[in-house]
**Student:** 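Encoded as structure tokens, here's the structure I'll be asking about.
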Amino acid sequence: MTEDYFSNIEDTNARQRAAKNFTYNELVLRAPPISIGSKLSRVVDIADSILGQTFVDRMIRWFAGPILQRGTSLHDIPSSYAIVHNDLFDASMLSRKRKLAAGHYVGEFEGFRLGLMACRRGALEALIQADALGRMGVRKIFFMGTCLRIAPRADLPAVIVPSTYSSEWGSEEPLLPAAATSARLSTQLLADLGEDGILAKSGPVYIAHKFLLEETPRLLLALADAKISAVEMEGLGFISGLAKYDGEFAAALIGLDQFWPGDDNHFLNVELTSYVAAGRISKRVLRAGLSSLAKASL
């Protein structure tokens with residue numbers, strides 16, 4: 001994906017250096033969650049008013065040069081990564097961990113070396129993140145997120161493990177084409193979730209490009225009629241970002257919402273207790289995901 005950004009650089013070595021620095025920026029300097037943006041803006045405004053914009057720009061270039069060049073030597077990124085929604089992020093299970101940035105760690109889980117990273121919302125952000133990781137040699141990604149489960153309340157799993165993804169039904173050229181998850185990783189993940197007593201089911205998942213409460217009732221009814229298991233916002237982006245690196249992807253989606261025709265449906269702004277339920281199992285789900293990555297790499 002990102003090679004297009006540097007096609008105007010004629011020198012091959014310079015082009016490769018630019019791409020490596022871009023990747024480093026995506027993985028470390030811009031690693032989510034972004035928490036310094038507003039503070040940084042205030043600092044820059046104050047510095048410009050006191051020192052002048054020209055002097056500040058020179059100082060920034062002088063300090064940033066060595067930092068950006070680190071992208072050429074960031075060679076120890078592991079080949080397996082767990083990526084977790086910001087609101088579920090927890091690095092406590094990693095041992096011997098090294099913090100690369102806020103929401104980005106490299107460490108060990110039961111002796112297996114892997115990376116753990118938070119993610120932004122949306123499939124396009126996920127695509128950029130997976131592409132950057134793929135450039136650094138990552139070939140397996142486990143994603144833990146949240147979803148709207150499409151099932152009767154009497155038959156409601158705690159976790160959905162996607163088998164396939166689709167999006168933008170009715171569009172002749174969807175932004176992200178339909179794709180399948182890794183059967184090997186997903187099977188191992190289901191087994192690890194089951195061993196921990198977590199009710200999980202596998203099924204097809206639909207990717208929404210806007211929040212669920214904005215989706216039309218007609219679309220939700222169509223998804224239920226087509227036996228779609230869940231709706232979420234990121235997974236297909238991760239698959240698409242890893243595709244050109246022949247990577248493997250699996251996901252565990254913790255249910256926050258529920259929809260079924262005729263049921264008393266509960267969405268986020270109605271059933272806030274769903275966050276409590278998610279919090280009770282999120283560590284166990286993450287542990288199962290880390291375990292599946294380790295076992296799939298044996």
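Bear in mind that the values here come from a model prediction, so they are computed numbers and not experimental data.
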**Student:** So which atom in Leu293 and which in Ala82 form the shortest heavy-atom distance, rounded to 0.1 Å?
**Tutor:** CD1-N, 4.1 Å
**Student:** Taking only Lys NZ, Arg NE, NH1 and NH2, and the carboxylate oxygens of Asp or Glu, determine whether Glu108 and Arg113 approach each other closer than 4.0 Å.
**Tutor:** no
**Student:** From Ser80 OG over to Leu185 CG, what is the distance, rounded to the nearest 0.5 angstrom?
**Tutor:** 8.0 Å
**Student:** Do we see a donor-acceptor contact under 3.5 Å between the side chains of Tyr206 and Glu232?
**Tutor:** no
**Student:** Would you mind reporting whether Asp131 and Tyr245 have side-chain heavy atoms less than 4.5 Å apart?
**Tutor:** yes
**Student:** Side-chain contact, heavy-atom cut-off 4.5 Å: His85 with Thr146?
**Tutor:** yes
**Student:** Please report the C-alpha distance between Asp246 and Arg139 in whole Å, then the side-chain angles of each, then the deciding distance to 0.1 Å, and finally whether the salt bridge (charged side-chain N to carboxylate O under 4.0 Å, His left out) criterion is met.
**Tutor:** CA-CA 7 Å; Asp246 296 322; Arg139 296 297 178 264; over 6 Å; no
**Student:** With the side chain counted from C-beta on, respond yes when Ile239 and Leu127 share a heavy-atom pair under 4.5 Å apart, and no when they do not.
**Tutor:** no
**Student:** What is the distance from atom CD1 of Ile128 to atom OG of Ser240, rounded to the nearest 0.5 Å?
**Tutor:** 12.0 Å
**Student:** Among Ser229, Cys147, Pro157, which residue satisfies the side-chain contact (heavy atoms from CB on, under 4.5 Å) criterion with Leu253?
**Tutor:** Cys147
**Student:** Are Arg149 and Asp257 close enough for a salt bridge, meaning some N to O gap below 4.0 Å?
**Tutor:** no
**Student:** Looking at Arg184 and Glu248, is any side-chain nitrogen of the basic one under 4.0 Å from a carboxylate oxygen of the acidic one?
**Tutor:** yes
**Student:** Over 60° means perpendicular and under 30° means parallel, so classify the ring planes of Phe249 and Tyr165, tilted if in between.
**Tutor:** tilted
**Student:** How long is the span from the CZ atom in Arg280 to the CD1 atom in Ile254, to the nearest 0.5 Å?
**Tutor:** 13.0 Å
**Student:** Between the side chains of Asp192 and Lys295, is the shortest nitrogen-to-carboxylate-oxygen separation below 4.0 Å, so that they form an ion pair?
**Tutor:** yes
**Student:** Can you measure from OG (Ser166) to CG (Leu176) and round to the nearest 0.5 angstrom?
**Tutor:** 11.0 Å
**Student:** Before you tell me yes or no, could you show the steps for Gln188 and Ser292 under side chain to side chain donor-acceptor pair (under 3.5 Å), namely the whole-Å CA-CA distance, both residues' side-chain angles and the distance that decides it to 0.1 Å?
**Tutor:** CA-CA 6 Å; Gln188 184 62 62; Ser292 66; over 6 Å; no
**Student:** Does the pair Phe142 and Leu286 meet the rule for a side-chain contact (heavy atoms from CB on, under 4.5 Å), with working shown?
**Tutor:** CA-CA 9 Å; Phe142 159 73; Leu286 179 56; 4.1 Å; yes
